[in-house]
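First up is the structure itself, then whatever we jot down about it.
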Amino acid sequence: MPAPFPARPWALAQRVLPLAVLTLLAACGGGGGGSDNASPAGTSASASSSSSSSSSSSSSSGTGSSSSSSSSSSSSSSSSSSSSSSGAGGFQPAAGTLGTCVVLKPGVQFVERRVTEGSATVRERRVDKSLGVLNGEPVFVHHSMSTNTADADRYESWGYTRTTVHGPESLLSKTHFFIPDSGGIREEWVSVTRSPSLQPAAIALRPGESFIDAYTMTERTTKSSSSSELVKTVSQQSKIEFLGIEDVTLGDGTVVRNACKIRSTDLVDSDDPGSVGSTEISWLAAGWGGSVREENYDKTGKLRSTETIVQVITAP
């Protein structure tokens, strides 16, 4: 379920299209330290503060729980002053608009959990965000990695996002899929192009307002297991509604103040027609690089899955 901004890590590894209004999430990230030499089509990507991010992420299940209480207070004050910083780029949202909740900030670290209704599988990812460079352009990098080493679908991903005057925009993702049988890694790159580009209507929304976002998304996928490039173009349309401002309590008790509550409804999706009518409720908060909690519902209104931050390591 895409939308006008950057994507959550779960989407980055499997679909890279921005989830509901969340494309705001791709922000900072770290990665493997230094440059990524396997970039497709001459793409050069690096992260300025990646070494500490990657090493802490690779240590698996997310240490740092002792910082939760201190993170809670800083998180609360950070969210209430949402328009103070936009990270890299010239993004300056107006007070009281959705734009104040999609501001990106480097240095954020947390663990998030995804629970799917009717499934015993609970997936957790450790996420860290930092500034980086993509083809000479300053970007935010959203880095995430499975905390459960026994997860058969375990992966590590990096999402690269630029900040434009109309908000964060996803550019590229890199994913390492871990192969349980051989212990190897399959690498996949996906670059994303949206037409038309981001619309100013999204970040200009105020509580109670909505707009229809219609666009075409082109994905170019390169895999380490194949020499060919897969190109896919999909048409998508969604209704974005700004439902209001709420405080959100995270899994570790951290209270995020003044989060923007958004509902995104799929109206058209040529890639997944069955998703039409499904909705996603998201709580977006300044500095976090996207949503701090999500709820996904099918077209009948039945809850399908939830995703929330369960441990704050470093708050905005």
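Throughout, numbering of the chain's residues begins at 1 and tracks the sequence. Quantities reported herein were computed from a predicted structural model and do not represent experimental measurements.
What you find for P273 and S270 is that their closest heavy atoms are CD-O, 4.0 Å. Between S264 and S238, the closest heavy-atom pair is OG-CB, 4.0 Å. Across all non-hydrogen atoms, the minimal contact from S275 to D266 is OG-OD2, 3.0 Å. A204 and T97 get closest at one heavy-atom pair: O-CG2, 3.9 Å. Considering all non-hydrogen atoms of both residues, F140 and L131 come closest at CE2-CD2, 3.5 Å. Nearest heavy atom pair, residue L284 against residue V102, reads CD1-CG1, 4.1 Å.
Using a 4.5 Å heavy-atom cutoff, the side chains of S195 and T218 are not in contact. Contact check for V115 versus V122: side-chain heavy atoms found under the 4.5 Å cut-off.
At a threshold of 4.0 Å, the pair D213-R194 counts as salt-bridged, since one of the basic side-chain nitrogens sits closer than that to a carboxylate oxygen. With salt bridges taken as basic N to acidic carboxylate O contacts below 4.0 Å, none links R304 and D298. Taking 4.0 Å as the cut-off between side-chain N and carboxylate O, R186 and E188 count as a salt-bridged pair. A salt bridge does not link E307 with R113: none of the charged nitrogens is closer than 4.0 Å to a carboxylate oxygen. Looking at E169 and R162, a side-chain N of the basic residue comes within less than 4.0 Å of a carboxylate O on the acidic one, giving a salt bridge.
Ring-plane geometry between H176 and W158 is classed as perpendicular, the angle between the planes exceeding 60 degrees on a 0 to 90 degree scale with a lower cut at 30.
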Steps toward side chain to side chain donor-acceptor pair (under 3.5 Å) verdict (S144, S157): CA-CA 5 Å; S144 69; S157 67; 3.0 Å; yes

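Cluster membership check: F242 does not share its hydrophobic cluster with L267, using side-chain heavy-atom separations under 4.5 Å among Ile, Leu, Val, Met, Phe, Trp and Tyr. L230 and V234 are assigned to two separate hydrophobic clusters, defined by single-linkage of ILVMFWY side chains at heavy-atom distances under 4.5 Å.
Judged by distance alone, the side chain of E137 and the main-chain N or O of L134 form no donor-acceptor pair under 3.5 Å. With S173 contributing its side chain and G159 its backbone, the two residues share no donor-acceptor pair below 3.5 Å.
The side chain to side chain contact (heavy atoms under 4.5 Å, CB included) test with S191 is passed by exactly one of E219, R220, E229: R220. Of the options T254, V108, V111, a side chain to side chain contact (heavy atoms under 4.5 Å, CB included) to V312 is made by T254 and by none of the others.
Looking only at atom types and distance, the side chain of R125 has a donor-acceptor partner in the side chain of S146 under 3.5 Å away.
Applying the 6.0 Å contact sphere to NZ of K299 captures more than 12 heavy atoms from other residues, nucleotides or ligands.
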